[in-house]
Every structure is written in C-alpha cells, then in structure tokens.
Amino acid sequence: MHTLSPHKLDNTVSDRFQENLDELRRLFFSRDKAVWPVFGDPGIEQVLNFRKKHVPSHRVVDEYPGGAALHQQMMLNSKLNQAWRSPEDGIDPLLVFAAATSKNWEDPASVENVICAPSDAAIYGAFMGTVANPNLVYSEYAGMAEDFERMVIRKIARLVGYNEESATGLFTQGGTFCNLYGYLFGLRKSLPDSLHLGLEYGQDYRIMYSQGGHYSNTTNLSVLGVNIDKKTIKIKLTDDNDMDMLDLEQQLTACFRLGCVVPTIMLTMGTTDTFGVDKVKPVSDLLDRLCKQFRMVRPHIHVDAAVGWPLIFFLGYDFDQNPLEINEATLTGLKRNVARFQELKYADSFTVDFQKWGFVPYTSSLVMVKDKSSMQALEHDPENFSYFENDVQGQTHLQSTVECSRGAAGMFGAYSALQYMGVEGYQMLIAHGLQNANYFREKLSEVPGALIVAGQNQGPSVGFRLYDPKKVSDVEAEYEMEKKLSDSPEYRQRLRENTAYHRHIFKARGKKHLYTNWIEFVSHTNYDEYGNWEPIPGEKAVFMNPLTSRENIDAYIAGVHGAVDAY
C-alpha cells in the first residue's frame with residue numbers, strides 16, 4: 001500500500017498542540033533579541049531582517065539592496081586589505097551580504113532535504129563554544145569542555161538505553177565522519193593488523209551495507225582504501241526500503257562458510273529520501289547464531305541514524321495517554337517507528353546528527369559507542385604522540401581519533417538545544433514535522449496522477465512520483481508496472497515518458513510554496529532473477545522545518561502539477 005492508509009485517520013492539529021508549538025516557535029525559532037539578546041548585534045540584525053522576507057534563492061541577489069554590485073565584488077575581488085579595519089568604522093558589507101543571502105532554512109518553504117533551521121538556543125550555545133574555542137582532542141586543550149562532552153554523551157546513552165558507565169562517544173565533523181568511525185571499529189577489531197599493515201594484509205573480508213544507504217558508504221570506504229567492487233556487498237531492500245534480512249543471512253552465511261571476515265555491517269535508521277528504518281535486534285540475533293555456528297569474529301554493527309535519531313525522544317512516551325495530543329494518523333506511524341528505535345541499543349555504535357533534525361547549527365555530529373573497548377581497538381602507539389604528556393594522553397580519545405582538532409561549538413550547541421528545549425520540546429517539534437508529512441501525504445493522495453512512495457514508513461521524508469493524469473488513470477497499477485524490471489523497448493519507453501513528464505512539471509513549477517527536490521532514487525524496481533535492479537527517480541519533500549505550516553502545503557498542492565497544460 002503506497003498511500004497513507006486505506007481508511008482516513010484523524011489528521012487534524014489540536015488547539016493545545018498548536019498553542020504549545022507557537023510557544024516553542026516564539027522561544028526558540030523567532031531570532032527575537034528580547035528573548036536572546038545575542039540577536040541584537042547590528043550586523044546580525046541586518047542579516048535576520050533580510051532573511052525574514054523569505055526571498056527565494058534565485059532572487060536573493062536582485063532583491064538585496066545593492067546585491068548585484070556586492071556579488072560582482074565578491075566574484076572578482078582577490079586582494080587582501082593592506083591595513084587593518086576597525087569595527088568602529090562599520091560592519092563589512094560583504095560579510096552581511098554573504099550571510100543574508102545564503103540558503104535560508106528559516107523560510108517555511110524550505111523542505112528540500114534532511115536539514116532544518118537551527119534553534120535559537122543551539123545558536124547561542126554554539127556561540128559560547130566558539131568564544132571559548134576548546135579543542136576536544138586533548139585534555140589540556142579542552143579544559144572543562146572535556147567533561148562537558150562526556151556529560152552530553154551520558155545523556156544520549158541514557159536516552160537510548162546504553163549503559164552510561166561503559167558507553168562513550170565523541171563529537172566530530174559531520175555524519176560522514178561518524179560513519180567512518182563505524183567502519184573503522186569493525187576493521188580494527190576484526191583485522192587488528194590493518195592498523196599498521198593495511199587492509200590487503202592477512203584475512204579476506206567483506207563489508208556489508210544496504211543498497212538504500214547514504215552515499216557516504218562509498219566515499220568513506222574509498223578513503224579507507226577498500227576495494228569497493230570486490231570487498232563490499234550491498235544488501236537488497238524490501239518494499240519499505242529497509243534491509244532485506246533474508247538476503248543478509250544468505251550473504252553472511254556464504255562469507256562465513258569460506259572463512260571470510262565481515263568487519264562491519266552498516267545499517268540505516270531513517271534513510272534520507274523515504275525514511276526506511278532497518279531492524280537492529282534481528283541483525284544482532286542473526287550474528288549471535290551465525291558467529292557461534294561458524295566460529296567467526298562478530299561483525300561490528302554501526303547504525304547510520306543521522307536522520308532518524310530524534311525518535312529516541314519518544315522511547316518513554318505514553319502512547320495510550322498521548323499527553324501532547326498528537327493526532328491519530330501521526331501517532332499510528334510514530335508507534336511503529338519508535339518500536340524500531342527501541343532496538344537501537346543493540347547497535348555497537350550509531351550516528352547522531354544534531355545538525356539535522358536536532359535543530360543545531362553545522363557542524364554538530366556525535367558518534368555514540370556502546371562499549372569503550374571499541375575505542376581501544378583504534379588506538380595508535382603512544383610514542384606517535386611524543387609532544388603530548390604521557391600522563392594525560394589516555395584521558396581523552398587522542399590516540400583513537402582520526403582528527404588532530406575537534407572543535408567544541410557543535411557540542412556546546414547540542415547541549416544548549418537539549419537543555420533548553422528538553423524532551424517534551426523535542427517531542428513537540430518532531431511530532432509537528434511528522435504531522436505535516438502526514439498532512440502532505442493525505443492531500444497529495446487526493447491529487448490525480450500522484451503516487452506516494454513507501455508512505456507506510458511514516459517518517460518526515462515524503463517521496464513521490466507524478467504521472468500525466470490524461471494518460472494514467474490508475475497510478476498504483478502504473479507504478480507496479482514500472483517496478484517490473486524489463487529490457488523490452490515498450491517498458492523502457494513508458495518509464496522514460498513517465499519520468500520525463502514529472503521532471504518537466506518539476507522544472508516548470510520551480511521553487512514555489514514548498515522548495516522540494518528532484519532525486520534519482522526515490523524508489524527502485526523489483527529484482528530480476530539475477531539480482532539486478534534499477535533506481536526510479538522522483539520528487540521528495542522533507543518535513544523537518546519547525547516553521548512550515550499547512551498553509552504552505554495547501555498552496556503547493558494546489559499547483560503540484562504546475563504547467564501541466566504546457567507539457
């Protein structure tokens with residue numbers, strides 16, 4: 001089933017929910033200098049005043065006062081000032097221009113991807129961290145910020161169900177780096193000699209990840225020197241875009257029979273485009289059984305939860321009492337996803353991107369580690385760190401990180417967001433995004449020619465395809481036809497025509513009412529007898545923006561087919 005539901009569930013917003021949401025917006029997303037005095041700086045005020053106009057990206061230069069001249073200056077200027085410039089002489093105009101005309105995530109129409117406006121609280125916290133400027137890589141360079149980081153890690157460990165005493169983690173520069181650590185944990189534990197001798201020494205290995213995983217799977221493995229064609233196995237997807245457990249078991253069994261090590265299995269909880277959520281406990285149970293049967297080293301399970309991690313705020317939510325008055329349509333899907341996220345505690349490590357659905361500025365990413373011993377597997381020889389004092393080297397993750405500098409602004413921003421908004425504030429903001437996504441699905445399902453992909457996933461990401469309603473009367477049947485991979489010219493031509501129609505509408509519509517994105521992999525065909533498959537393109541909207549309203553959605557839906565008559 002690809003639409004929201006065969007029957008209509010309540011998708012309204014209660015008065016109490018809206019009142020609480022309005023208060024959260026006022027306190028944490030208004031950029032109000034009366035609430036957060038830091039926004040009273042004259043330069044920041046100039047930036048915010050322009051951004052509050054919500055000018056589309058393609059018009060910002062024209063609508064910014066003197067924008068064309070400033071942009072030309074930016075493109076041509078390559079000479080540094082010889083003398084210093086006093087701030088008393090005024091704010092640098094290019095500094096203000098560049099900030100004001102950068103991508104505006106505070107615009108309610110901004111729903112292109114898994115990014116949203118940072119909260120005022122997080123901006124303030126990140127500012128504090130920037131002022132202090134600690135380097136978290138080493139105790140002496142971090143000071144109290146080191147203990148501050150440990151506290152934030154304990155909070156997330158407790159929330160997800162890790163043992164606070166044995167768990168650890170570190171803030172790093174983006175979700176890609178978090179996933180890089182996930183691969184490294186497995187490689188160093190399964191192939192310990194690889195620390196010095198590289199990956200081609202010793203035992204044969206295969207790394208496994210989902211066909212629906214993030215592209216950082218490829219970039220990270222390439223950086224690590226993994227032969228992606230020969231040393232990786234992409235696991236098939238279900239119709240929900242999560243990992244196919246049968247295929248995983250078959251691939252693991254084949255590897256283990258040959259004595260081939262599997263260092264890491266990379267799972268995803270919240271895929272970028274359709275919010276597929278992999279199961280963790282069944283994978284853990286499968287490894288227990290197969291590793292015992294074949295006497296193999298247990299693979300490290302890393303979960304890329306960069307997008308979906310905030311659902312852990314609902315792990316203790318009373319779904320029966322529903323104190324926040326989340327509507328029925330959203331509550332149903334939320335319960336299903338939260339049941340999956342209950343299993344996150346079975347992962348050996350996982351990625352947390354505060355910079356996505358955590359409402360924290362770039363960059364703020366945390367790799368959580370279930371057991372500290374995983375960090376020990378990454379440690380390099382102490383003599384490599386000769387200009388650090390031996391007595392304090394072991395107090396941080398200095399010898400285990402791939403970084404010589406770990407800034408703390410992201411960590412300070414994450415703490416501030418957590419501290420000020422609390423569990424209930426996060427629950428409200430997450431529920432708001434999910435209610436918007438369900439409202440979008442409901443309205444889109446009423447549009448002729450529109451088909452929602454994996455609507456049962458009930459996350460913030462909504463992928464869909466548009467068909468010409470003059471040619472396609474049954475979108476479900478047309479979609480099923482597209483999924484049946486074929487080499488026939490008739491099939492190829494029909495698939496091309498359908499995609500060309502949607503692509504034309506997307507381009508002709510432009511960025512109006514909601515700024516959606518075109519993606520080349522919104523869905524995929526079925527697998528043929530040889531395991532071959534192909535991606536199916538489409539459009540997506542991601543409802544993480546706390547400022548997006550149903551009015552924005554209604555306006556978009558009204559013109560979703562855009563210039564259909566001109567096609």
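What you see is a predicted model, and the numbers here were worked out from it, not measured in a lab.
A donor-acceptor pair is defined here as one N or O able to donate and one able to accept, closer than 3.5 Å; such a pair exists between the side chain of Gln458 and the backbone of Gly455. Remark: the backbone N or O of Thr274 is paired with a side-chain donor or acceptor of Asn457 at under 3.5 angstrom. A donor-acceptor distance shorter than 3.5 angstrom exists from the side chain of Arg51 to the backbone of Lys103, with no hydrogens or angles considered. Side-chain atoms of Asn327 come within 3.5 Å of backbone atoms of Thr12 as a donor-acceptor pair (strictly under, hydrogens ignored). Listed for the Asp353 side chain is no donor-acceptor partner under 3.5 Å among the backbone atoms of Ser365. Looking at Glu325, its side chain never comes within 3.5 Å of a backbone N or O of Phe17 through a donor-acceptor pair. Judged by distance alone, with hydrogens and angles left aside, the side-chain atoms of Lys483 form a donor-acceptor pair with the main-chain N or O of His524 at under 3.5 Å. When atom types are taken as modelled, the side chain of Arg492 and the backbone of Ser486 share a donor-acceptor pair closer than 3.5 angstrom. Side chain of His71 to backbone of Phe97: no donor-acceptor contact under 3.5 angstrom is found. Within the 3.5 Å criterion, the main-chain N or O of Gly276 finds a donor-acceptor partner in the side chain of Thr271.
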- Query: side chain to side chain contact (heavy atoms under 4.5 Å, CB included) between Phe39 and Val47: does it pass, once the steps are laid out?
  - Reply: CA-CA 10 Å; Phe39 295 119; Val47 171; over 6 Å; no

- Query: Could you go step by step and tell me if Lys53 and Glu63 meet the salt bridge (Lys or Arg N to Asp or Glu O under 4.0 Å) rule?
  - Reply: CA-CA 10 Å; Lys53 296 178 181 178; Glu63 298 204 17; over 6 Å; no

- Message: Does Glu23 form a salt bridge (Lys or Arg N to Asp or Glu O under 4.0 Å) with Arg26? I'd like the steps, not just the answer.
- Response: CA-CA 5 Å; Glu23 182 64 2; Arg26 184 186 73 82; 2.9 Å; yes

- Task: For the pair Phe440 and Phe464, evaluate side chain to side chain contact (heavy atoms under 4.5 Å, CB included) and give the outcome as yes or no after the intermediate values.
- Result: CA-CA 11 Å; Phe440 183 81; Phe464 58 98; 3.9 Å; yes

- Message: What verdict does the side chain to side chain contact (heavy atoms under 4.5 Å, CB included) test give for Tyr183 and Tyr209, after you've listed the backbone C-alpha separation in whole Å, the side-chain angles of each residue and the deciding distance to 0.1 Å?
- Response: CA-CA 10 Å; Tyr183 284 125; Tyr209 58 93; 3.8 Å; yes

- Item | Verdict with supporting geometry, Leu315 and Val338, side chain to side chain contact (heavy atoms under 4.5 Å, CB included) | CA-CA 6 Å; Leu315 294 184; Val338 169; 3.9 Å; yes

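The CD1 atom of Ile156 lies 7.0 Å from the CE atom of Met368; values are rounded to the nearest 0.5 Å. The CZ atom of Phe521 sits 8.5 Å away from atom CG of Asp273, with the distance rounded to the nearest 0.5 Å. Within the model, atoms CD of Gln427 and CG of Leu324 stand 5.5 Å from one another, a figure rounded to the nearest 0.5 Å. We find the OG-CG distance between Ser210 and Asp242 to be 8.0 Å, quoted to the nearest 0.5 Å. Note that CG of Asn217 and CD1 of Ile228 are 9.5 Å apart. Values are rounded to the nearest 0.5 Å. In this structure, the separation between CH2 on Trp357 and CE on Met544 is 5.5 Å, given to the nearest 0.5 Å.
Checked by atom type, the side-chain pair Ser549/Asn552 shows a donor-acceptor distance below 3.5 Å. Under the 3.5 Å distance criterion, with hydrogens and angles disregarded, no donor-acceptor pair is assigned to the side chains of His54 and Asn104. For the 3.5 Å distance criterion, the side chains of Asp107 and Tyr515 qualify, holding a donor opposite an acceptor. Between the side chains of Thr238 and Asp240, no donor N or O sits under 3.5 Å from an acceptor N or O. Between the side chains of Arg441 and Asn438, a donor-acceptor pair is found at a separation under 3.5 Å. No side-chain donor from either of Asn498 and His502 sits under 3.5 Å from a side-chain acceptor of the other.
With contacts defined as side-chain heavy-atom distances shorter than 4.5 Å, the pair Val38/Ile123 does not qualify. Put simply, the side chain of Pro546 does not reach to within 4.5 Å of the side chain of Leu24, judged on heavy atoms. Within the 4.5 Å cutoff, side-chain heavy atoms of Asn322 are placed close to those of Leu331. Annotation: side chain of Thr176 is in contact with side chain of Asn220 (closest heavy-atom distance under 4.5 Å). Met269 places a side-chain heavy atom less than 4.5 Å from the side chain of Val280. Contact annotation: the side chain of Leu547 never approaches that of Trp105 to less than 4.5 Å [non-hydrogen atoms, C-beta and beyond]. No side-chain heavy atom of Lys279 sits under 4.5 Å from any side-chain heavy atom of Val283. The side-chain heavy atoms of Phe543 and Ile553, taken from C-beta on, include a pair separated by under 4.5 Å.
Checked options His513, Lys443, Lys512, Arg509; the residue passing with Tyr556 is Arg509 (criterion: side-chain hydrogen bond (donor to acceptor under 3.5 Å, both in side chains)). When each of Tyr420, Phe28, Phe354, Phe29 is checked for a ring pair (Phe, Tyr, Trp, His ring centres under 6.0 Å) with Phe359, only Phe29 meets the rule. When Glu478, Glu482, Glu539 are each tested for a salt bridge (Lys or Arg N to Asp or Glu O under 4.0 Å) with Arg465, only one passes: Glu482.
Around the CG atom of Asp15, the shell of radius 6.0 Å holds no more than 12 heavy atoms that belong to other residues, nucleotides or ligands. Within 6.0 Å of CD on Gln493 lie more than 12 heavy atoms contributed by other residues, nucleotides or ligands. Residue Met128 qualifies as open at atom CE: its count of foreign heavy atoms under 6.0 Å is 12 or below. Applying the 6.0 Å contact sphere to NZ of Lys236 captures more than 12 heavy atoms from other residues, nucleotides or ligands. Residue-environment remark: OH (Tyr527) exceeds the threshold of 12 foreign heavy atoms within 6.0 Å. Residue Gln72 qualifies as open at atom CD: its count of foreign heavy atoms under 6.0 Å is 12 or below. Atom OH of Tyr124 is surrounded by 12 or fewer heavy atoms from other residues, nucleotides or ligands within 6.0 Å. Shown here is Lys540, whose NZ atom has more than 12 heavy atoms of other residues, nucleotides or ligands within 6.0 Å.
The minimum heavy-atom distance linking Gly410 with Phe171 is given by the pair O-CE2, 4.2 Å. Smallest separation of non-hydrogen atoms from Met243 and Ile235: CG-CG2, 3.4 Å. Contact between Pro323 and Asp318 at its shortest, heavy atoms only, is CD-O, 3.5 Å. When all heavy atoms are compared, the tightest approach of Ala98 to Ser102 is O-OG, 2.6 Å. Between Trp309 and Thr351, the closest heavy-atom pair is CB-O, 4.3 Å. Taking all atoms of both residues into account, the shortest heavy-atom contact from Cys178 to Val367 is SG-N, 3.6 Å.
Relative ring orientation between Tyr64 and Phe50 is described as perpendicular, the plane-to-plane angle rising above 60° on a 0-90° scale split at 30° and 60°. The aromatic rings of Tyr501 and His561 are tilted relative to each other, their planes meeting at an angle between 30° and 60°.
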